[in-house]
J.: 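First, the structure itself, so that you have it in front of you.
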Amino acid sequence: MRNDEYLRYVALGDSQTEGLGDGNDTVGLRGFADRLAGHLAAGAPGLRYANLAVRGRLAGQVRTEQLVPALELRPDVATVVAGVNDVLRPRFDAAEVAGELEEMFAALTAAGARVATVTFPDVARIAPLARPLGPRVAELNTRIRAAAARHGVVVAETGRAAVATDPRLWTADRLHASPLGHARIAAALAEALDLPGSDSAWTHPLPPRPARTGAQAAAAELAWLAGFLGPWLGRRLRGTSSGDGRTAKRPQLLPLQGRG
């Protein structure tokens with residue numbers, strides 16, 4: 001399929017695809033999927049775009065809640081990005097999570113969609129206190145690559161780009177991309193899809209920033225622990241999710257209207 005024939009784009013996923021970290025619930029969320037839709041619309045002005053993502057969703061929930069609606073929209077191109085919420089759970093099975101993703105890859109490609117996904121960066125380089133999660137992310141990335149290869153899914157290797165762990169690409173919670181981070185993810189997916197005008201510039205490092213002292217780094221870790229990790233763990237213990245009661249922000253295919 002030529003790039004100008006991508007007329008229906010559907011995004012499936014969790015908070016990253018919904019756009020957390022890029023805007024807010026008052027002014028609206030943008031995120032990498034909205035930005036990728038802008039890249040697509042540059043070559044296909046008639047593009048219509050739907051975003052089925054809901055924050056807090058596990059990979060299995062993305063599959064059970066979003067796959068059928070996505071297929072009903074008959075996408076020409078789709079993104080599937082999920083699994084980080086699973087990595088953060090006490091019980092994690094990389095094979096199971098990758099299996100959920102692969103079911104979505106298989107169904108969407110069988111329906112004729114061009115599908116793209118991403119790999120995830122080393123969390124230990126973003127949040128040192130999350131170092132124990134590093135092997136989980138590495139195994140999930142390996143399985144994502146294998147599943148994608150089996151179904152002709154293109155992979156944006158954001159997990160391998162050194163710039164992906166630059167703190168400036170992440171919000172203060174270190175779980176969600178910043179506006180700049182979302183822009184880089186969108187550019188990585190555009191390159192993976194070989195869209196006109198795309199290139200590897202998204203991998204370029206940012207200008208150097210002043211080094212922090214050991215005391216500043218320690219204070220930042222403690223602030224993150226108290227301000228973000230603690231409340232997140234509290235929700236897990238209560239069995240609640242940030243996505244409880246929420247629905248997709250853009251459940252129908254609509255024109256982009258300059259939001260890319």
Side-chain angles (χ1 to χ4, degrees), residues 11 13-24 29-40 42 79 81-84 87-88 116-142 144-145 148 153-225 227-229 260:
D14 52 30
S15 57
Q16 210 76 281
T17 300
E18 188 183 349
L20 263 67
D22 191 4
N24 57 52
L29 298 172
R30 194 178 184 189
F32 80 79
D34 284 33
R35 292 171 180 273
L36 177 60
H39 286 284
L40 289 161
T79 51
V81 178
V84 170
V87 167
L88 297 171
T117 191
V118 304
T119 53
F120 303 110
D122 181 358
V123 292
R125 294 180 62 85
I126 301 169
L129 289 175
R131 188 176 302 278
L133 301 178
R136 292 183 173 193
V137 174
E139 183 182 0
L140 181 58
N141 283 343
T142 296
I144 287 173
R145 293 180 186 109
V153 170
V154 298
V155 180
E157 285 285 3
T158 47
R160 286 179 169 157
V163 72
T165 58
D166 189 305
R168 289 168 287 185
L169 269 60
W170 299 90
T171 60
D173 69 10
R174 305 184 188 177
L175 295 173
H176 299 101
S178 65
L180 178 58
H182 278 285
R184 293 282 180 123
I185 296 169
L189 285 162
E191 183 192 22
L193 288 164
D194 195 26
L195 300 185
S198 63
D199 56 30
S200 63
W202 66 271
T203 66
H204 295 175
L206 300 178
R209 59 181 186 140
R212 295 187 300 180
T213 66
Q216 289 172 327
E221 292 306 302
L222 290 173
W224 176 72
L225 182 65
F228 298 104
L229 183 60

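Keep in mind the model is a prediction, meaning the values are calculated, not measured.
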J.: Spell out, as yes or no, whether a donor-acceptor pair under 3.5 Å connects the side chain of R136 to the backbone of V87.
T.: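 Flag set: sc R136 to bb V87 pair under 3.5 Å.
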J.: Do the non-hydrogen side-chain atoms of L206 and L169 ever get within less than 4.5 Å of each other?
T.: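 They are in side-chain contact.
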J.: Got a sec, which residues hit side chain to side chain donor-acceptor pair (under 3.5 Å) with T17, two or more places apart in sequence or on another chain?
T.: none
J.: Working to the nearest 0.5 Å, report the span between CZ of R30 and CD of E18.
T.: 16.0 Å
J.: Given 3.5 Å as the limit, does a donor-acceptor pair link the side chain of D14 with the main chain of A82, or not?
T.: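 Side chain of D14 to backbone of A82: no pair is present.
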J.: List for me each residue that meets side chain to side chain contact (heavy atoms under 4.5 Å, CB included) alongside V123, sequence neighbours excluded, and say none if there are none.
T.: A130, L133, V137
J.: Would you check if the side chain of E191 reaches a backbone N or O of A156 as a donor-acceptor pair within less than 3.5 Å?
T.: no
J.: Can you measure from CG (L180) to CG (D22) and round to the nearest 0.5 angstrom?
T.: 10.0 Å
J.: Can you find a pair of side-chain heavy atoms, one from V118 and one from F32, that are under 4.5 Å apart?
T.: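 No. Closest side-chain heavy atoms not under 4.5 Å.
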J.: State which residues pass salt bridge (Lys or Arg N to Asp or Glu O under 4.0 Å) with R145; sequence neighbours excluded, sorted by chain then number.
T.: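 With neighbours one apart ignored, the set is E157.
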J.: Provide the full list of side chain to side chain donor-acceptor pair (under 3.5 Å) pairs with a residue in residues 175-186, sequence neighbours left out, each pair given once.
T.: S15-H176, D173-H176
J.: With A190, which residues qualify under side chain to side chain contact (heavy atoms under 4.5 Å, CB included), at least two apart?
T.: L36, H39, L195, S198
J.: With respect to T117, which candidate in V155, T79, V154 satisfies the side chain to side chain contact (heavy atoms under 4.5 Å, CB included) definition?
T.: V155
J.: Among residues at least two apart in sequence or on other chains, which ones pass salt bridge (Lys or Arg N to Asp or Glu O under 4.0 Å) with D122?
T.: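 So D122 forms no salt bridge (Lys or Arg N to Asp or Glu O under 4.0 Å) with any residue.
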J.: Is the side chain of T158 donor-acceptor paired with the backbone N or O of T119 at a distance under 3.5 Å, no angle test?
T.: yes
J.: Which heavy atom of A177 sits nearest a heavy atom of I185, and at what distance?
T.: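 Scanning both residues completely, I find the closest heavy atoms to be CB-CD1, 4.1 Å.
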J.: Less than 4.5 Å apart, any side-chain heavy atom of W202 and any of L189?
T.: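 No; the side chains remain at least 4.5 Å from each other.
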J.: Indicate the atoms forming the closest heavy-atom contact of P121 with T165, along with that distance.
T.: CB-CG2, 3.9 Å
J.: Of all heavy-atom pairs between G83 and L140, which one has the smallest distance, and what is that distance?
T.: O-CD2, 4.1 Å
